[in-house]
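All values below come from the heavy atoms of this structure, side chains included, with hydrogens, waters and symmetry mates left out.
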Amino acid sequence: LALSSGGSAVQDIIDKTNRLETSKNDLQKQVDDTEKRVKNEQDTISSIEQSGIEVVAEATRLREEIKVLESGAEACEEDKSTKDNQIHTLRDEIGHQEELISKLQKEKKAAGGGRQKTEEEM
């Protein structure tokens, strides 16, 4: 009887050990799965951080490009204003030259008419 109860106790210990090993294996699988998820999350976070760095770098590059383009546009506006002023000045000069030409033509006519009278009188 002691032997059979001892065998039963041994069997209980073996069964308990098997259940504990199964639980241990299940828990180890859960730990492994959790560690895998944590690593995937860390990889995702790292990827997002890298993308953020790239976005910030691109934004900085675009800001600099905008500054250059705005500066170029401002220079073009200044050039346009200068050219507009030059055109205005040249138009004024052309008007003045046309007035002088008109005066000279009138004087030439008047001098020509006076010379013609002088020739007729002679």
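Lys39 has no carboxylate O lying under 4.0 Å from a charged side-chain N of Glu35, or vice versa, which leaves the two without a salt bridge. Between Lys29 and Asp33 there is a salt bridge, since at least one side-chain N of the basic residue sits less than 4.0 Å from a carboxylate O of the acidic one. Electrostatic pairing of Glu70 and Lys67 does not count as a salt bridge here, judged by no charged N lying under 4.0 Å from a carboxylate O. We find that Glu77 and Lys80 are not joined by a salt bridge, their nearest charged nitrogen and carboxylate oxygen being 4.0 Å or further apart.
More than 12 non-hydrogen atoms from other residues, nucleotides or ligands lie less than 6.0 angstrom from CZ of Arg61.
Put simply, the side chain of Glu49 reaches to within 4.5 Å of the side chain of Ile45, judged on heavy atoms. Two residues are said to be in side-chain contact when any heavy atoms from C-beta on lie closer than 4.5 Å; Arg19 and Asp15 meet this criterion.
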Glu65 and Leu62: side-chain contact (heavy atoms from CB on, under 4.5 Å), yes or no, with the steps? CA-CA 5 Å; Glu65 188 175 334; Leu62 289 172; 4.2 Å; yes
Passes side chain to side chain donor-acceptor pair (under 3.5 Å), Asp32 versus Gln28? Steps please. CA-CA 6 Å; Asp32 292 345; Gln28 186 61 48; 2.9 Å; yes
Verdict with reasoning, Gln30 to Asp26, per side chain to side chain donor-acceptor pair (under 3.5 Å): CA-CA 6 Å; Gln30 289 176 7; Asp26 288 345; over 6 Å; no
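Between the OG atom in Ser71 and the CD1 atom in Ile66 there is a gap of 13.5 Å [rounded to 0.5 Å]. Atom CG of Asp79 and atom CG of Asp84 lie 11.0 Å apart (nearest 0.5 Å). One distance of note links CG of Leu100 with CD of Gln105; it measures 11.5 Å at 0.5 Å rounding. To the nearest 0.5 Å, atom CZ of residue Arg63 and atom CD of residue Glu58 are 11.0 Å apart. Interatomic distance, OG of Ser81 versus CD of Gln86, reported as 10.0 Å (0.5 Å rounding). Once rounded to the nearest 0.5 Å, the distance linking CD1 of Ile87 with CG of Asp92 reads 12.0 Å.
Remark: the backbone N or O of Asn85 is paired with a side-chain donor or acceptor of Thr89 at under 3.5 angstrom. Judged purely by atom type and a 3.5 angstrom limit, Thr44 uses its side chain to pair as donor or acceptor with the backbone of Asn40. No donor-acceptor pair under 3.5 Å is formed between the side chain of Ser102 and the backbone N or O of Glu98.
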